[in-house]
2 protein chains.
Amino acid sequence: MATAWRLFYRDGLRIVGIDTILAEAGVAKMTLYNHFASKEELIIAILEKRDLEFRASLMDRVKAAGADPTQRLLAVFDWLEDWFASEGFKGCVFIRAVSEYPDPAHPIHQTAWRHKVAVKAALTDLCAAAGARDPAALGETLSLLIDGAIVTAHATQSTAPARSARATAAALLQLAQTSAT
Amino acid sequence: MATAWRLFYRDGLRIVGIDTILAEAGVAKMTLYNHFASKEELIIAILEKRDLEFRASLMDRVKAAGADPTQRLLAVFDWLEDWFASEGFKGCVFIRAVSEYPDPAHPIHQTAWRHKVAVKAALTDLCAAAGARDPAALGETLSLLIDGAIVTAHATQSTAPARSARATAAALLQLAQTSAT
DNA sequence: GCCGCAATATACAGACCTGTCTATTTTCTT
DNA sequence: AAGAAAATAGACAGGTCTGTATATTGCGGC
């Protein structure tokens, strides 16, 4: 549900009520509850859908960066900067879901974090392709850097963190490449 | 209010109701509303109190690390690891507040972020003392790294991100020191 | 001893929330 | 065209929330 996504992302998962979404979308309550057993299931479905769209968008940008593995990795940060600059940017819904449902055993918390694990795996692949000495370690580090940049960009409404992270990533990658062999 | 802090941190700012806090603390409603005009003011007061305690605790650890500026900077990450390992660790309340109140104009959002700005300033000082070429840039980067590590440690219930961040910080600091002069 | 302040218990208003139920209308399939 | 499936409107239950009002109790200072 596009409306649900928009409101959840704009205002927060907990604060937005079912009624609000239904009223704005012009959908009856029973229609929703015939597809999803609860608000929680709706949120999980939306998170999973966003996960796929998100990673697809990122990978498109990586592919568009060409064949050079270093450029492909750095394209991630250019993509970040565009995202930060986009209208209505309010941080990462997955980080926010983890924050709103702080119990690690909660289904929403776990679903949200699976997205981050998948992104980290993709980063690790890019690091490996770029010839990093320890792709897993660099992937982990870049993942931390990116999450920090997302939170900071959200709170400060600035795109600067993307460039900071990009510069750091470039330095770390060079370090991991040169000290190899 | 210690009880309010405990519940807010454990379960979330939005989900915990005034009544719950009052019942658990054994305090009457009017007592609360004589001190704070609203739940929002209570949250802001708690955040500001936590900000001071938090930074004091961090700075204690830095002081305990001795005089060597590099060791002092790295002590931040040891402190992080202890924090991640502590009982009931549920991430950073300031990051979570920003996530729960995503509107950057919201007083709670702004109050929470002031804490992060203060921490970054302290980091920048440590970077400068350690002889980094561009202390502001390194402080910014370490800040991103730390925020990412906090979120990741929360979601994965692991202390590993502290060590990843520490190793990265050490590498970046060395880079910033050697390429100086 | 007494005054004044602060905390208390309790009830309440008004709004919101999720999820259920019923009965009707629309839409799709065959 | 007819029957089945899905969407609709709308009321409802039972609970939650914040914030207010009232009337009572405890307690420290002088």
Side-chain angles (χ1 to χ4, degrees), chain A residues 1-50 90 93-94 96-112, chain B residues 1-50 90 93-94 96-112:
Chain A
M1 192 86 63
T3 304
W5 160 248
R6 203 182 73 246
L7 295 181
F8 279 147
Y9 182 62
R10 192 187 65 189
D11 298 333
L13 300 175
R14 294 206 111 123
I15 199 68
V16 173
I18 292 289
D19 288 339
T20 312
I21 297 168
L22 295 172
E24 192 138 342
V27 170
K29 210 166 199 178
M30 282 314 294
T31 308
L32 171 65
Y33 280 100
N34 278 338
H35 289 281
F36 305 99
S38 63
K39 181 185 177 180
E40 185 177 304
E41 276 197 13
L42 169 64
I43 291 176
I44 289 177
I46 288 180
L47 289 180
E48 288 175 342
K49 181 160 165 283
R50 273 317 280 183
K90 288 278 178 64
V93 74
F94 305 100
R96 281 173 48 193
V98 163
S99 293
E100 289 207 70
Y101 297 84
D103 179 4
H106 196 289
I108 292 178
H109 183 111
Q110 296 184 344
T111 301
Chain B
M1 190 87 60
T3 304
W5 160 248
R6 204 182 73 248
L7 295 181
F8 279 147
Y9 182 61
R10 193 187 64 189
D11 297 333
L13 300 175
R14 295 207 111 122
I15 197 69
V16 172
I18 293 288
D19 289 339
T20 312
I21 298 169
L22 295 172
E24 191 138 342
V27 169
K29 210 165 198 177
M30 281 315 293
T31 308
L32 170 66
Y33 278 100
N34 279 336
H35 290 282
F36 305 98
S38 62
K39 181 184 178 183
E40 187 177 303
E41 275 197 14
L42 170 64
I43 291 176
I44 288 176
I46 288 181
L47 289 180
E48 287 175 342
K49 182 161 165 282
R50 274 316 281 182
K90 288 275 179 65
V93 74
F94 304 99
R96 281 172 48 194
V98 163
S99 293
E100 289 206 71
Y101 297 85
D103 179 4
H106 195 288
I108 292 179
H109 183 110
Q110 296 184 344
T111 301

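These figures come from a predicted structure and were not determined experimentally. Each chain gets a letter, A, B and so on, in the order its sequence line appears, and its residues count up from 1.
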Can you measure [X] atom [atom1] to [N] atom [atom2] for me and round it to whole angstrom units?
X	N	atom1	atom2	value
K39(A)	dT16(D)	NZ	C1'	13 Å
I108(A)	dT18(C)	CD1	P	12 Å
Y33(B)	dT10(C)	OH	C1'	16 Å
L32(A)	dT20(C)	CG	P	11 Å
N34(A)	dA6(D)	CG	C1'	8 Å
F8(A)	dC17(C)	CZ	P	11 Å
E40(A)	dC17(C)	CD	P	18 Å

With no hydrogens and no angle check, is any side-chain donor or acceptor of [X] less than 3.5 Å from a backbone partner on [Y]?
X	Y	answer
K90(A)	P104(B)	no
E41(A)	A37(A)	yes
H106(A)	Y101(A)	no
R96(B)	Y9(B)	yes

If the threshold is 4.0 Å, N to carboxylate O, is there a salt bridge linking D19(A) and K29(A)? yes
R14(A) charged N/C atom sitting above F8(A) aromatic ring, 6.0 Å / 45°: no
Taking only side-chain nitrogens and oxygens of H35(B), does any of them come within less than 4.0 Å of OP1 or OP2 of dA6(C)? no
Name every residue in residues 9-29 of chain A that has at least one heavy atom under 4.0 Å from any atom of DNA chain D, in order of residue number, or write none if there are no such residues. G26(A), V27(A), A28(A)
Ranking dT8(D), dG19(D), dA21(D) by distance to the side chain of M30(B), first place goes to dA21(D)
